[in-house]
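So the structure is just underneath, and the comments pick up after that.
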2 protein chains.
Amino acid sequence: MTGEDRATRLREAKARLRSHLEHRGLRSTRQRDAVLEAFLAADAHVSVEELCERVRDAHRSIGAATVYRCMGLFVQAGIAKERRFHEGRIRYEPGVGTEHHDHLICLACGDIQEFENPTIERLQDEIAGSRGFSVTYHRLELYGLCPRCKKIS
Amino acid sequence: MTGEDRATRLREAKARLRSHLEHRGLRSTRQRDAVLEAFLAADAHVSVEELCERVRDAHRSIGAATVYRCMGLFVQAGIAKERRFHEGRIRYEPGVGTEHHDHLICLACGDIQEFENPTIERLQDEIAGSRGFSVTYHRLELYGLCPRCKKIS
DNA sequence: ATGCTTGCAAACGCTTTGCATTTGA
DNA sequence: TCAAATGCAAAGCGTTTGCAAGCAT
């Protein structure tokens, strides 16, 4: 991602947050700003723990509860998407400026890559449709070893 | 599943457990037998909580810890497979006499259906391969509304 | 008799919640 | 001003673990 992309994404995310807050009579706070900046500056798929550390660099003594509450808010505002991989804890990825995608996860180093495959998407819809299901969302995760970890082991 | 299938599965599962235990110097206990019977008698995708209730019918005052330990043992013995859907808690499905499959889950009633699609499997391998990943296992879950719940809502 | 198993309760890790206090509009 | 937001600590939830007592071999 280029610096301009990042700047655009930040601007758009801030705009969405502002509108979401105004629309609901909620308030803009320094904590929310700090969490948003930390979230967008981090890699995709940050955990709350990682986010807390990052936020504390800018804003001493922010509570984990606040980070959780912020992220919940961002999800509602469409700024963040929640993901739960095999480890169980929640990770967040940007919800603006990203297309739908699935994940490839290295069990050794934890690396997470994204991919997208229209054929799989279509087949999923066909399978669901043939059983009368309407799909709200799906989860497709491939777990294994990335090239580097495969070599080491 | 017919009665004979069930009987066959039960027999095979017991044999596997026995051999697993002997092989490791572990012991056969009434609790392990009771949990195995309850597990195989239950629907696929039972939670530990459901399993505890069922086991208690046969064996009063069995601890949840024991059920957790039994299921861990059964997974090691290849008798059970662990699944974690959106709710977070562990569910188990039979590991003997079942083919690999993915899941279709109704968000309203919790119904879980199984499906299998060779084309999707192949595409997954291609995607992983093209990035140098070797896949150990995957997770494909389609969440939505089953025909019945779609009608009601 | 030995040491694997059990059941209980306590500990766990992550997330949510209650509440007094602070803060933004 | 005054409801919304924060920070802390406590509670929640499903799961795991330590330990003394029980039981299979």
Side-chain angles (χ1 to χ4, degrees), chain A residues 14 17-39 45-53 55-56 58-77 79-92 110, chain B residues 14 17-39 45-56 58-77 80-92 110:
Chain A
K14 284 189 170 173
L17 179 58
R18 197 180 323 117
S19 119
H20 183 84
L21 295 175
E22 282 173 6
H23 198 263
R24 310 196 170 202
L26 304 179
R27 292 170 186 169
S28 172
T29 66
R30 69 188 86 259
Q31 287 91 336
R32 284 174 178 164
D33 290 345
V35 175
L36 182 56
E37 304 242 0
F39 168 55
H45 316 115
V46 257
S47 65
V48 171
E49 193 183 4
E50 288 158 4
L51 218 37
C52 280
E53 288 169 17
V55 174
R56 291 212 178 94
H59 191 117
R60 211 62 34 186
S61 91
I62 193 164
T66 298
V67 176
Y68 276 105
R69 287 187 278 229
C70 282
M71 294 314 297
L73 182 70
F74 297 170
V75 169
Q76 283 182 37
I79 297 167
K81 283 183 189 158
E82 204 175 294
R83 299 277 185 186
R84 286 169 193 266
F85 300 115
H86 63 310
E87 357 141 85
R89 66 178 153 187
I90 304 175
R91 290 186 174 271
Y92 293 95
Chain B
K14 283 189 173 175
L17 179 58
R18 197 180 323 117
S19 120
H20 183 84
L21 295 176
E22 283 172 6
H23 199 262
R24 311 196 169 201
L26 304 179
R27 290 167 188 173
S28 173
T29 65
R30 68 188 88 261
Q31 287 90 336
R32 284 175 177 163
D33 290 345
V35 174
L36 182 56
E37 304 243 358
F39 169 55
H45 316 115
V46 256
S47 65
V48 171
E49 192 182 7
E50 288 158 5
L51 218 38
C52 281
E53 288 168 17
R54 285 175 159 275
V55 174
R56 290 213 178 93
H59 191 117
R60 210 67 27 191
S61 90
I62 192 164
T66 299
V67 176
Y68 276 105
R69 286 188 277 228
C70 282
M71 295 314 298
L73 182 70
F74 297 171
V75 169
Q76 282 182 36
K81 282 182 189 159
E82 203 175 297
R83 299 277 186 186
R84 286 169 193 264
F85 300 115
H86 63 309
E87 355 141 88
R89 66 179 155 185
I90 304 175
R91 290 185 175 272
Y92 293 95

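Naming convention: chains lettered A, B, ... in sequence-line order (proteins, then strands); numbering from 1 in each chain.
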> Can B/Lys14 and B/Glu37 be counted as an ion pair, charged N to O under 4.0 angstrom?
Replying inline: yes
>> Whole angstroms only, please: what is the NE2-P distance between B/His59 and C/dT5?
In response: 15 Å
> Do B/Asp33 and B/His59 come close enough that some side-chain heavy atom pair is under 4.5 Å?
Replying inline: no
>> Rounded to whole Å, how long is the line connecting atom CZ of B/Phe85 with atom P of D/dG14?
In response: 17 Å
> Closest approach of B/Ser28 and B/Leu21, non-hydrogen atoms and distance?
Replying inline: CA-CD1, 3.9 Å
>> The criterion is side chain to side chain contact (heavy atoms under 4.5 Å, CB included); which residues satisfy it with A/Ser47, sequence neighbours excluded?
In response: A/Glu49, A/Glu50, A/Arg89, A/Arg91
> In whole Å, what is the span from the CG atom of B/Leu17 to the P atom of D/dA24?
Replying inline: 15 Å
> Looking at A/Arg56 and A/Ser61, what are the two nearest heavy atoms and their distance?
Replying inline: CD-N, 4.5 Å
> Do B/Leu26 and B/Arg32 come within less than 4.5 Å of each other through their side chains, counting heavy atoms only?
Replying inline: yes
> In whole Å, what is the span from the CD1 atom of A/Ile62 to the P atom of D/dA5?
Replying inline: 14 Å
> Any side-chain N or O of B/Thr66 under 4.0 Å from OP1/OP2 of C/dG7?
Replying inline: yes
> Can you check the B/Arg18 CZ to D/dA24 P distance for me, whole Å?
Replying inline: 17 Å
>> Please report the distance, rounded to the nearest Å, between CD in A/Gln76 and P in D/dA5.
In response: 11 Å
> Quick one: B/Leu73 CG to D/dT16 C1', roughly how many Å, whole number?
Replying inline: 16 Å
> Closest heavy-atom contact between B/Phe74 and B/Val35?
Replying inline: CE1-CG1, 3.8 Å
>> Just to be sure I understand the rule, does B/Arg32 reach a base, reach only the sugar-phosphate, or reach nothing, if contact means heavy atoms closer than 4.0 Å?
In response: sugar-phosphate
> Can you tell if the side chain of B/Tyr92 reaches within under 4.5 Å of the side chain of B/Glu82, non-hydrogen atoms only?
Replying inline: yes
>> From CZ of B/Arg69 over to C1' of C/dC8, roughly how many Å is that when rounded to an integer?
In response: 10 Å
> Please walk me through it: do A/Arg69 and A/Gln31 pass side chain to side chain donor-acceptor pair (under 3.5 Å)?
Replying inline: CA-CA 11 Å; A/Arg69 287 187 278 229; A/Gln31 287 91 336; over 6 Å; no
> Does anything in residues 22-31 of chain B reach DNA chain D, meaning a heavy atom under 4.0 Å, and if so which residues?
Replying inline: B/Arg27, B/Ser28, B/Arg30
Listed pairs, N/O of protein and of nucleotides 11-15 of chain C, under 3.5 Å:
| from | atom 1 | to | atom 2 | distance (Å) |
| --- | --- | --- | --- | --- |
| C/dT15 | OP1 | A/Ile90 | N | 2.5 |
| C/dT15 | OP2 | A/Tyr68 | OH | 2.2 |
| C/dT15 | O5' | A/Tyr68 | OH | 3.2 |

